[in-house]
Amino acid sequence: MSEGTEPVGSIEVALSHTARLMERDANLAAEQAAEILKVAPRHPLATLLLGVARRRGGHAQAALGTLEMLAREQPNWAVAQYEYALTLAEAGQSTAALAFLQRAIHLKPDLAEAWDTLAHQLAANGDLAGAEAARAQQLRASARDPRLMSAAVALCENRIPEAERLLRQHLKELPTDVAAIRMLAEIAARLGRYRDAESLLARCLELAPDFRAARHNYAFVLHRLGRSADALAQVDLLLKSEPHNRNYRTLQAAVLAGIGEYQRAIDLYAQILALDTQQAAIWQSYGHALKTAGRQAEGINAYRRAIELNPHAGEAYWSLANLKTVRFTPQDLERMRSQLARSDLALEDQYHFHFALGKALEDEQDFASSAEHYLRANALRRTELNYDPAQNNAHVERSRALFTREFFAARAGWGHEAPDPIFIVGLPRAGSTLLEQILASHSRVEGTMELPDVASIARTLGGTKQRGEPARYPEALRDVTPEVCREFGAQYLARTRVHRKRGTPLFIDKMPNNFAHVGLIHLMLPNAKIIDARRHPLGCCFSGFKQHFARGQNFTYDLAEIGAYYRDYVELMAHFDAVLPGRVHRVFYERLVEDTETEVRRLLEYCGLEFEPACLQFYENDRAVRTASSEQVRTPIFREGLEQWRHYEPWLAPLKTALGAVLTAYPGVPDFPDPAI
């Protein structure tokens, strides 16, 4: 171009070319925008494109200078204010970024992208309620079709059933409306129906591959479903277009932690925090990764930093308590009580503070006050959950009816022959992490984590059903073929391969809830080992009741319900002992504590492994451990925890009643009538 000679039409063509070029090569787009500005100095759109291209190309400081000037010269242009806010956020100036985001939204309330960015900024600052409200507004702003407005308003006001009805009605008429599909996926995710959300978002991206907000949602949902490798692939696609987008990089770090790449996750969190040290939620995630990798002191510092930035962050206090080794100071207790006295404290923060205070007062041996906080924490958490104990009991009864000796005899030799997996099943807090640490100290065994893949295959067998329809699993196993069983085994091995880093022949899947799927495991992986970790019902159940789980284990927030769940578990495992004698190896936690070497030798013999002394020095193993026992398994076995429940016996009547004969028979089991045998 020659300065001052190009007609307006040529500039418009060049601007259009620059915008298209942005998606392929941000640095070339910046060069093109700079050339346009030589011809048309201070051209607003060319200046905007230059700033955005510089930011996407990784030149944050240059982008800041360009967009700061534009935002000052164009104070009423919402997009300019928004792009400047994005650049400020990436440069670590979160306070200034929030101000310009608010300015952009004030100028253009339907600027959906600004609402989305605001939601991420608020969440990173620990303002979860504000983030949720911003997400709702973002969905409302996305609904530009007047026919979607009613659904968007209903969703914004959390009238979920009405919003879902309106969206389904809309999609009957316009089945390819990607905005409506994404909104329906948001509803599914809010309700915890992540498989539905995944299907909807996959369809959304099939129709609109460049819909980045939907792809970001899709990556998050895949992460929640435990499909970490798939989630990482989606994040990589997002980062190709915006390699410095902090929201994408934060999700990338979370997914990396999900596949055991803790050092990469830690490095990434550190890079993000180096740019902006004021992000409370990211400090908390950083603490989780450091703790899991065994860097406890650094993890504690990260949690403390999150609390400094966000004093009402109940989860950060609970994260400290959950280490089981931290002792709170009197000042900590006062701060927690002060936060609980607030009238505007979010429910999630309330129960996290109650769980943390329960643990703190337990350490001080003030068991009455501790029990009061544990009871209050669980009661609050239970209000959020849609858990029906009858469904679990029905699953047990139907499993007992289906899985007879004759059923398994007719299917002998089915499944994939690989002996690789060692499943540790039972209830949480029954000693499964200790067993995993012992086995993972053997040279032929790798510990992974609680893997969701067996449950995922079970859900596939169950199919999608409408509310009120009878469940199809486990009965669906009656109709599968030998080839399908083998394919399920191959699928499990393929999906879990991402978690296997050491190349050992055997690996551990310690998802405790897999006890409900022993029949499926036996059919698809007949040579896999299954270990049942069992602990005294009062010790196990009350330890679970004291624990706040990040996700799942919804049966643990009521003493009667956890007792009923333990009873169902014992009944189902007794059935498998009868129909598949010797298939499951049981380890009683109390016996493991009393005579560790004998129990370890029995365990290794069952797994077909030679004894190795390292299995008795398991506490010297520096592998990453994700569960609540992460710090306890890094010390030798101790007896102190065996009888801890006795301090709380005055409050355990509902638990004892629910356990019934299972309690009195322990370590034996009652005579369960089982006509299915």
Side-chain angles (χ1 to χ4, degrees), residues 22 26-27 29-30 33-34 37 42 44-109 111-127 130-131 133-135 137-138 141 212-213 216 238-239 241-253 268-283 285-286 305-306 309-310:
M22 187 86 70
N27 289 320
L37 287 168
R42 308 177 86 86
L45 184 53
T47 305
L48 180 74
L49 289 170
L50 177 61
V52 172
R54 283 174 168 172
R55 184 183 75 243
R56 291 190 183 181
H59 306 289
Q61 289 305 313
L64 272 178
T66 301
L67 291 169
E68 188 275 334
M69 177 188 70
L70 182 66
R72 186 176 64 249
E73 293 181 350
Q74 302 287 335
N76 297 317
W77 189 14
V79 173
Q81 307 299 309
Y82 167 65
E83 292 292 349
Y84 184 42
L86 277 183
T87 309
L88 285 166
E90 287 195 15
Q93 300 181 41
S94 56
T95 302
L98 282 171
F100 280 92
L101 281 171
Q102 297 284 9
R103 172 71 178 160
I105 289 166
H106 174 74
L107 291 168
K108 189 173 174 54
L111 188 58
E113 298 88 344
W115 284 112
D116 186 56
T117 304
L118 180 62
H120 286 293
Q121 281 290 119
L122 293 172
N125 287 344
D127 184 357
R135 285 192 191 96
Q137 291 290 351
Q138 185 267 334
R212 286 185 196 152
H216 191 209
L238 290 166
L239 286 168
S241 59
E242 292 188 64
H244 303 283
N245 185 301
R246 189 177 64 197
N247 300 326
Y248 300 163
R249 296 174 76 210
T250 301
L251 180 55
Q252 182 187 34
L268 191 48
Y269 282 130
Q271 291 168 22
I272 295 166
L273 288 167
L275 290 172
D276 188 350
T277 62
Q278 306 301 304
Q279 304 297 305
I282 299 177
W283 277 107
S285 297
Y286 186 40
R305 180 63 175 146
L309 294 167
N310 183 14

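When reading the values below, keep in mind they use all heavy atoms of this one structure, side chains included, and skip hydrogens, waters and symmetry mates. Note that this is a predicted model, so its numbers are computed, not measured.
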Please report the C-alpha distance between E68 and T87 in whole Å, then the side-chain angles of each, then the deciding distance to 0.1 Å, and finally whether the side-chain contact (heavy atoms from CB on, under 4.5 Å) criterion is met. CA-CA 9 Å; E68 188 275 334; T87 309; over 6 Å; no
Contacts table for residues 97-107: side-chain donor-acceptor under 3.5 angstrom, sequence neighbours left out:
| residue | atom | partner | partner atom | Å |
| --- | --- | --- | --- | --- |
| R103 | NE | P75 | O | 3.3 |
| R103 | NH2 | P75 | O | 2.7 |
| R103 | NH2 | N76 | OD1 | 3.2 |

For a side chain to side chain contact (heavy atoms under 4.5 Å, CB included) with L50, tell me which candidate from L70, L45, L37 qualifies. L37
For side-chain hydrogen bond (donor to acceptor under 3.5 Å, both in side chains), just list the numbers for Q271 and R249, CA-CA rounded to whole Å, side-chain angles, deciding distance to a tenth of an Å, and then say yes or no. CA-CA 10 Å; Q271 291 168 22; R249 296 174 76 210; 2.9 Å; yes
Holding to ring pair (Phe, Tyr, Trp, His ring centres under 6.0 Å), I want the full list of residues that pass it with H59, two or more places apart in sequence or in another chain. none
Sorted by chain and number, sequence neighbours left out, side-chain hydrogen bond (donor to acceptor under 3.5 Å, both in side chains) with Q74 holds for none
N247 vs L251, side-chain contact (heavy atoms from CB on, under 4.5 Å): CA-CA, chis, key distance, verdict: CA-CA 6 Å; N247 300 326; L251 180 55; over 6 Å; no
Which heavy atom of G57 sits nearest a heavy atom of H244, and at what distance? C-NE2, 4.1 Å
Rounding to 0.5 Å, atoms OH (Y248) and CG (L238) come to a distance of 5.0 Å
Mind checking the CG-OG1 spacing from L268 to T250? Nearest 0.5 Å is all I need. 7.5 Å
List the residues meeting side-chain hydrogen bond (donor to acceptor under 3.5 Å, both in side chains) with Q278, not counting sequence neighbours, and say none if there are none. none
What distance do D116 atom CG and Q121 atom CD have between them, rounded to the nearest 0.5 Å? 11.0 Å
Hey, what do you get for CG (L48) to OH (Y84), rounding to the nearest 0.5 Å? 14.0 Å
Rounded to the nearest 0.5 Å, what separation is found between the CG atom of L49 and the OG1 atom of T66? 11.5 Å
Just by distance, do the side chain of T277 and the backbone of L273 share a donor-acceptor pair under 3.5 Å? no
Taking all atoms of both residues into account, what is the closest heavy-atom pair of A33 and A46, and its distance? CB-O, 3.8 Å
Can you classify the ring geometry of H216 versus H120 as parallel (below 30°), tilted (30 to 60°) or perpendicular (above 60°)? tilted
Show, in sequence, the C-alpha distance, side-chain angles and deciding distance for T47 and M69, and conclude whether the side-chain contact (heavy atoms from CB on, under 4.5 Å) test is met. CA-CA 9 Å; T47 305; M69 177 188 70; 3.9 Å; yes
Heavy-atom nearest pair, A131 first then A119, reads CB-O, 3.3 Å
Identify, with sequence neighbours excluded, every residue that meets side-chain hydrogen bond (donor to acceptor under 3.5 Å, both in side chains) alongside R56. E23
Taking only residues at least two apart or on different chains, which pairs with a member in residues 78-100 satisfy salt bridge (charged side-chain N to carboxylate O under 4.0 Å, His left out)? R55-E83, R55-E90
If you look at every heavy atom in A306 and A280, which pair is closest and at what distance? CB-O, 3.5 Å
To the nearest 0.5 Å, how far apart are CD in Q279 and OG in S94? 4.5 Å
Verify, without hydrogens or angle tests, whether W115 (side chain) and P109 (backbone) share a donor-acceptor contact under 3.5 angstrom. yes
